[in-house]
Amino acid sequence: MRALMQFFRSIFIVIILTLLTQVGGLIYLLYLPIKHWLTRRINSRWKVRLFRWSSFAIIYMLINLIFVPPLARQLGRLPLPWYATEEVPLQPANWVYCLANRHYVQPALYQLVAETAQKMATVTPYSKLIYLDANFPFFDGFPLLPHLSHNDGRKLDLAFLYQKNNSQALQSAPSTLGYGYNEPPKSHEINQPEICSQRGYWQYSLTTWLSPTISNPKITFNEAANRHLLQLFATNAKTGKIFIEPHLKQRLDLGSYSKIRFHGCQAVRHDDHIHIQL
Ligand SMILES: [Zn+2]
């Protein structure tokens with residue numbers, strides 16, 4: 001009975017790790033013989049737990065840092081940087097995205113975002129762009145939950161640009177994961193979240209629930225900088241589509257850019273992040 005419980009527990013862990021990190025489930029399977037070896041060798045309960053956790057963490061990190069990036073490169077996806085540099089002024093909102101292998105894109109998308117970030121750094125006070133979820137390293141069609149379309153290396157979410165105390169450029173995302181800090185519609189603007197929820201699309205504000213944030217009155221949405229950023233993307237031939245909420249397209253006076261579109265009620269709201277795709 002105990003062995004059966006352990007078997008189902010392992011299956012559950014493999015599924016969760018695969019859904020969250022793609023490669024994590026496979027790494028867990030590779031680690032299982034080590035886990036059993038440690039369990040047989042060490043008698044102390046807390047010691048065995050400590051050794052198990054640390055050995056899994058070490059194996060996970062080694063495989064993700066040493067083996068996954070070159071293999072993904074061979075198969076056509078590049079990891080976005082962990083740190084912003086002068087050449088590539090891009091950084092994740094949180095290292096969780098890199099640790100979970102959710103920061104891979106096709107080379108053309110890498111180039112598009114890097115060159116846009118460089119342009120922004122030269123003409124605005126924003127020294128870097130902040131990215132959120134991208135794609136997993138391998139296989140077209142493998143979903144990056146909870147996103148519907150981030151499954152082919154061609155999609156990337158970016159944080160909007162904000163100001164601190166109405167003057168200073170905020171060089172980070174306004175929330176821990178970057179999602180959930182909404183710039184909601186004003187009373188005279190189209191209220192798409194309300195329209196979608198009235199139509200029964202309960203998931204439309206899912207990112208707000210998954211990444212709850214407390215609104216900070218000192219942090220404000222930078223309309224001019226966001227308009228400039230979206231114009232750069234919208235006028236770049238590499239860009240396919242850009243998704244933001246309709247009220248922000250209206251507010252930022254971007255009506256003439258056909259690449260900036262509404263994503264549909266089946267997706268999640270886009271007034272806390274920008275979605276770009278090739
Ligand atoms: Zn997206």
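Order of appearance sets the numbers: ligands from 1, and atoms from 1 within every ligand. Computation of the quantities below employed the complete heavy-atom set of this structure, encompassing side-chain atoms and omitting hydrogens, waters and symmetry-equivalent molecules.
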> Decide if the gap between the ring center of His273 and the ring center of Tyr179 is smaller than 6.0 angstrom.
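Here the rings of Tyr179 and His273 have centres that are less than 6.0 Å from each other.
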
> What I want to find out is whether Asp272 reaches Arg269 closely enough, with some N-O distance under 4.0 Å, to be called a salt bridge.
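A salt bridge is absent here (no side-chain N lies under 4.0 Å from a carboxylate O).
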
> Please name all residues satisfying side chain to side chain donor-acceptor pair (under 3.5 Å) with Asn166, sequence neighbours left out, ordered by chain then number.
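Side chain to side chain donor-acceptor pair (under 3.5 Å) list for Asn166, sorted by chain: Thr220.
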
> Flag the pair Asp140 and Arg77 as a salt bridge only when some basic side-chain nitrogen lies within less than 4.0 angstrom of an acidic carboxylate oxygen.
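Salt bridge present between Asp140 and Arg77.
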
> Could you check whether Phe160 and Phe221 have their ring centres less than 6.0 Å apart?
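Distance test on ring centres: under 6.0 Å, yes.
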
> Are Tyr131 and Tyr97, when compared by the centres of their aromatic rings, separated by less than 6.0 Å?
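Ring-ring flag for Tyr131/Tyr97: false, centres at least 6.0 Å apart.
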
> Could you enumerate the protein N, O or S atoms under 2.8 Å from the Zn ion (ligand 1), written like residue then atom name?
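Metal shell, protein only: His150 NE2, Asp157 OD1, His275 ND1.
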
